[in-house]
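Each chain gets a letter, A, B and so on, in the order its sequence line appears, and its residues count up from 1.
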Amino acid sequence: MSSDHHGLEALRHSASHILAQAVKRLYPEVKLGIGPSTDTGFYYDFDREISFVPEDLEKIQEEMKNIVKENLPIEKKEVFRDELRKLLEEQGETYKLELLKEIPEGETISLYTQGDFSDMCKGPHVASTGEVRFFQLLSLAGAYWRGKETNPMLQRIYGTAFFDKKELKQYLLMLEEAKKRDHRKVGKELKIFTFEEQVGAGFPIWLPKGATLLGMIEDYDKKKHIEAGYQEIRTPHLGLVDLWKTSGHYYHYLDTMFPPMERDNQVFMVKPMNCPFHLTVYKNELRSYRELPIRYFELANVYRYEKSGVLHGLLRVRSFEQDDAHVFCTPDQLESELNNIREFSIQLFKDFGFTDLHIFVSIRDQEHIDAGKYAGDPQQWDHIEKEFISIVERMGIPYQIDPGEAKFYGPAIDIKVKDALGRLWQCTTIQVDFNLPKKFGLTYIGEDGAEHTPYMLHTATLGSMERFIAILLEQYAGNFPLWISPLQVRIIPISDDVLPYAREICTVLRKQNLRAEVDENNERMNAKIRKGEIEKIPYLLVVGKNEAESQTVSVRKRHRENLGSMSLEEIMNRMHQEIDEKTIF
RNA sequence: GCCCAUGUAGCUCAGUAGGUAGAGCGCAUCCUUGGUAAGGAUGAGGUCGACAGUUCAAAUCUGUCCGUGGGCUCCA
């Protein structure tokens with residue numbers, strides 16, 4: 001038994017066949033879709049009049065266990081097309097027949113059989129059902145047949161399987177842990193953000209704690225951009241519709257833009273992105289090659305009409321803030337600018353505690369070319385893509401190609417960060433654009449005295465603030481590093497007589513730019529400490545008569561760490577150091 | 001947008017043979033002034049997501065819409 005990736009794939013693929021077999025045994029009327037393995041497990045799609053319910057999943061899982069116990073050999077057989085067609089017709093497997101039709105003539109067709117069940121399949125599989133010992137069905141969902149919106153909706157059953165019990169258990173534990181630190185849950189508990197039905201789906205509201213957190217991130221992000229040579233600009237939330245027609249967004253993304261507004265014969269739209277505005281800023285003056293690269297930066301709210309079904313906490317919203325930047329440069333500067341941005345991103349994420357970054361290069365693919373997704377001259381595309389990839393090659397870092405993921409105006413580098421649970425989140429995007437500058441008539445005067453069109457780079461480093469905060473919440477489960485904690489320290493007076501002392505300390509801390517407050521509730525100290533821990537406040541300063549007399553504080557660090565008593569100055573120094581060093585704890 | 005599930009006090013949730021609602025936390029008031037994860041008592045909060053329909057009677061049944069969740073499709 002091998003536990004390499006390929007082996008795991010076969011194991012999971014076999015698990016999906018066992019799932020289908022179990023479903024067929026229990027519900028013979030069900031028609032089969034497809035059932036592949038995935039990165040994290042497997043699924044199988046079924047067509048059945050009645051919807052599966054969670055209790056069905058238990059029954060199916062039990063039947064799967066039986067099939068495993070029966071230890072049926074999984075046998076591969078090459079079959080003739082006509083023979084298989086006849087069989088599938090008899091069984092009424094219309095979806096399988098559709099697949100069969102698409103297999104080119106002359107290609108061998110294989111059938112995998114295990115006991116009373118056969119499935120047309122390329123494989124590979126494990127040798128017998130008995131090998132699939134550690135599996136778990138996980139969830140039920142709808143899925144379009146062959147992933148096409150216009151096709152019927154099938155019922156998908158998800159599961160996972162591993163070679164060893166420990167790995168399965170670990171995976172299930174990870175899922176549980178992910179649920180526990182779900183940003184929607186933690187964000188509510190810590191009063192970071194909320195959504196209100198009255199306001200509308202997909203419009204996040206930052207509560208005071210969240211606004212503080214957001215503010216810290218914004219300030220830092222802005223400071224770093226300015227250090228890196230960006231100039232901050234500010235642009236309106238609305239613009240004339242022609243702006244979007246010129247950019248082409250109107251034609252590519254009308255469905256995801258909020259509808260136009262008309263007044264006095266003029267049509268306005270709410271911005272779904274900032275690029276056109278930044279292009280106009282560039283155009284505001286005549287540019288020389290000596291000025292380039294020009295780097296504009298804006299913390300800007302944008303609005304996109306995302307379909308109702310895709311909204312998901314802070315990860316997918318209809319109103320969000322981007323740390324959006326655009327770099328205008330000469331073709332010669334492309335490589336160094338790409339490198340700058342990449343390094344900038346790595347640095348910024350490191351400060352927030354993310355060190356494992358993965359690079360993805362998005363280029364065109366035939367399917368999307370045929371669908372007319374990409375704007376501009378195909379030859380220029382070929383040229384840019386080639387250059388783009390060679391630049392990434394020269395960066396000397398591992399990367400993956402994402403075919404079909406290029407933007408309509410050019411190829412892109414996307415940087416994904418890996419979080420504490422090993423999950424990848426897309427954050428930074430760097431997009432090369434050789435289309436919009438032309439469309440907007442951007443030029444610079446070159447060394448030769450002639451007009452040239454600059455390249456444009458679109459980049460968002462943290463991406464969307466909403467999304468980034470969601471990722472931070474999940475990464476730290478709300479236990480933020482001190483420097484971004486909305487509330488950094490709470491003072492806990494033991495009795496009312498020390499309230500004046502507690503307030504005095506609070507004033508000092510606040511004057512030192514520390515986010516502090518006093519818990520003045522009529523509660524026992526124990527209850528206040530419990531509350532402070534639940535709220536995940538980094539530092540609790542307990543003060544009673546002893547502290548008031550000796551002008552000290554008793555310091556308790558988040559997670560039960562009693563650091564004993566120290567002077568106010570001592571704890572402030574300690575906190576300032578942690579803030580400066582962005583310590584993670 | 002599509003399939004399925006779901007929506008009861010600020011929060012987490014009970015409440016099935018339809019008969020106008022409960023708990024814990026939180027909140028308020030009072031008592032208590034306490035050394036590192038919950039001191040006690042009393043009390044105020046809900047037209048049971050919205051709107052229609054069935055019924056003598058709807059939180060409970062039906063429909064539509066809205067929100068939320070798991071996915072699919074999508075993500076400039």
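Side-chain nitrogen and oxygen atoms of A:Y374 include none within less than 4.0 Å of the OP1 or OP2 phosphate oxygen of B:A76. Side-chain nitrogen and oxygen atoms of A:R184 include at least one within less than 4.0 Å of the OP1 or OP2 phosphate oxygen of B:G70. Taking only side-chain nitrogens and oxygens, A:H312 never comes nearer than 4.0 Å to OP1 or OP2 of B:G71. Under 4.0 angstrom from either OP1 or OP2 of B:C75 there lies no side-chain N or O belonging to A:K407.
Between A:H458 atom NE2 and B:C75 atom C1' there is a gap of 16 Å when expressed in whole angstrom units. Between the CZ atom of A:R524 and the C1' atom of B:A38 there is a distance of 10 Å, given to the nearest Å. Between A:R316 atom CZ and B:A76 atom C1' the separation is 11 Å, expressed in whole Å. Following rounding to the nearest Å, A:H368 (NE2) and B:U73 (P) show an atom-to-atom distance of 12 Å. Taking atom NZ of A:K271 as the reference point, atom C1' of B:A76 lies 14 Å away to the nearest angstrom. At whole-Å resolution of the value, CZ in A:R318 and C1' in B:A76 are 17 Å apart. In this structure, CZ of A:F195 is placed 18 Å from C1' of B:G49, rounded to the nearest angstrom. Taking atom CE of residue A:M525 and atom P of nucleotide B:G39, one finds them 10 Å apart after rounding to whole Å.
Checking B:C72, B:G39, B:C74 against every side-chain atom of A:E523, the shortest atom distance belongs to B:G39. Between B:C11, B:U68, B:A76, one nucleotide has an atom nearer to the side chain of A:A201 than all others, and that is B:U68. Picking from B:U73, B:C11, B:G39 the nucleotide with the shortest atom distance to the side chain of A:K307 gives B:U73. Closest to the A:E533 side chain, of the nucleotides B:C72, B:A76, B:A37, is B:A37. The side chain of A:H249 lies closest to B:A76, out of B:C11, B:G35, B:A76. Of the candidates B:U33, B:G1, B:G70, B:U33 carries the atom nearest the A:S495 side chain, counting heavy atoms from C-beta on. Of all nucleotides listed (B:A76, B:A37, B:C74), B:A76 comes nearest to the side chain of A:M273. Comparing B:C72, B:C75, B:U73 by their closest approach to the side chain of A:Y158 singles out B:C72.
Applying the salt bridge (Lys or Arg N to Asp or Glu O under 4.0 Å) test between A:D45 and each of A:K31, A:K96, A:R156, A:R146 identifies A:R156 as the sole match.
If you check B:G7 for Watson-Crick or wobble pairing at under 3.5 angstrom, you find it paired to B:C66. Both distances falling under 3.5 Å, in either a Watson-Crick or a G-U wobble arrangement, occur for no nucleotide opposite B:U47. Across all strands shown, B:G18 remains unpaired; no Watson-Crick or G-U wobble contact has both distances below 3.5 Å. The nucleotide B:U60 finds no pairing partner, because no Watson-Crick or G-U wobble arrangement with both distances shorter than 3.5 Å includes it. Under the Watson-Crick and G-U wobble criteria, each requiring two contacts below 3.5 Å, nucleotide B:A41 is paired to B:U29.
Residue contacts shown for A:T256 include a base, since a base heavy atom lies under 4.0 Å away. As judged by a 4.0 angstrom heavy-atom cut-off over every strand, A:Q322 is placed among residues making no nucleic acid contact. Within the nucleic acid shown, A:N562 comes within 4.0 Å of at least one base atom, counting heavy atoms only. Using a 4.0 Å heavy-atom distance criterion, A:N546 is classed as a base contact.
Mapping A:R304 and A:G564 onto RNA chain B by nearest heavy atom places A:G564 closer to the 5' end of the strand. Of the two residues contacting RNA chain B, namely A:W145 and A:K528, the nearest-nucleotide position lying further toward the 5' end is that of A:K528.
Taking atom P in both B:A58 and B:C75, the straight-line distance is 48 Å, to the nearest Å. Between B:G24 and B:U20, the two P atoms lie 22 Å apart (nearest whole Å). B:C31 sits 45 Å from B:G69 when the P atoms are compared, rounded to a whole Å. Comparing the same atom, C1', in B:U64 and in B:A23 gives a spacing of 34 Å after rounding to whole Å. The C1' atoms of B:G71 and B:U54 are separated by 35 Å, rounded to the nearest whole Å. Comparing the same atom, P, in B:U62 and in B:G18 gives a spacing of 12 Å after rounding to whole Å. Distance noted for atom C1' between B:A59 and B:U16: 12 Å (whole Å). B:A14 and B:C61 are spaced 15 Å apart, taking the P atom of each and rounding to whole Å.
With its glycosidic angle more than 90° from 0, B:G67 is assigned anti.
The existence of a salt bridge linking A:E189 and A:K185 is confirmed by a sub-4.0 Å separation between a basic side-chain nitrogen and an acidic carboxylate oxygen.
Judged by distance alone with a 3.5 Å cut-off, a donor-acceptor contact links the side chain of A:D496 to the base of B:U33. For A:Q198 against B:G67, no side-chain N or O and base N or O form a donor-acceptor pair under 3.5 Å. A donor N or O paired with an acceptor N or O is found under 3.5 Å between the base of B:A37 and the side-chain atoms of A:R556. Residue A:N522 places no side-chain atom within donor-acceptor reach of the base of B:U33, judged by atom type and a 3.5 Å distance cut-off alone.
With sequence neighbours left out, A:Q426 forms a side-chain contact (heavy atoms from CB on, under 4.5 Å) with A:D414, A:K416, A:T429, A:R467.
Panel note: side chain A:D182, backbone A:R184; a donor-acceptor pair is recorded below 3.5 Å.
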Step by step, work out the salt bridge (charged side-chain N to carboxylate O under 4.0 Å, His left out) result for A:R364 and A:E385.
CA-CA 9 Å; A:R364 293 168 302 167; A:E385 274 182 357; 2.9 Å; yes

TODO: For A:I537 and A:S485, run side chain to side chain contact (heavy atoms under 4.5 Å, CB included): C-alpha distance rounded to whole Å, both residues' side-chain angles, the deciding distance at 0.1 Å, then the answer.
DONE: CA-CA 8 Å; A:I537 300 164; A:S485 279; over 6 Å; no

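With values rounded to the nearest 0.5 angstrom, A:I469 atom CD1 is found 13.0 Å from A:E474 atom CD.
Closest non-hydrogen pair, A:M261 versus A:L238, comes out as CE-CD2, 3.7 Å. When all heavy atoms are compared, the tightest approach of A:F42 to A:R12 is CB-O, 3.4 Å. Taking every heavy atom of both residues into account, A:L540 and A:E533 meet most closely at CD1-N, 4.4 Å. For A:C275 against A:H249, the heavy-atom pair with the smallest separation is SG-CE1, 4.5 Å.
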Tabulate atom names and distances for all N/O pairs under 3.5 angstrom spanning the protein and nucleotides 2-10 of chain B.
residue	atom	partner	partner atom	Å
B:C2	O4'	A:Y144	OH	3.3
B:C3	O2	A:G142	N	3.4

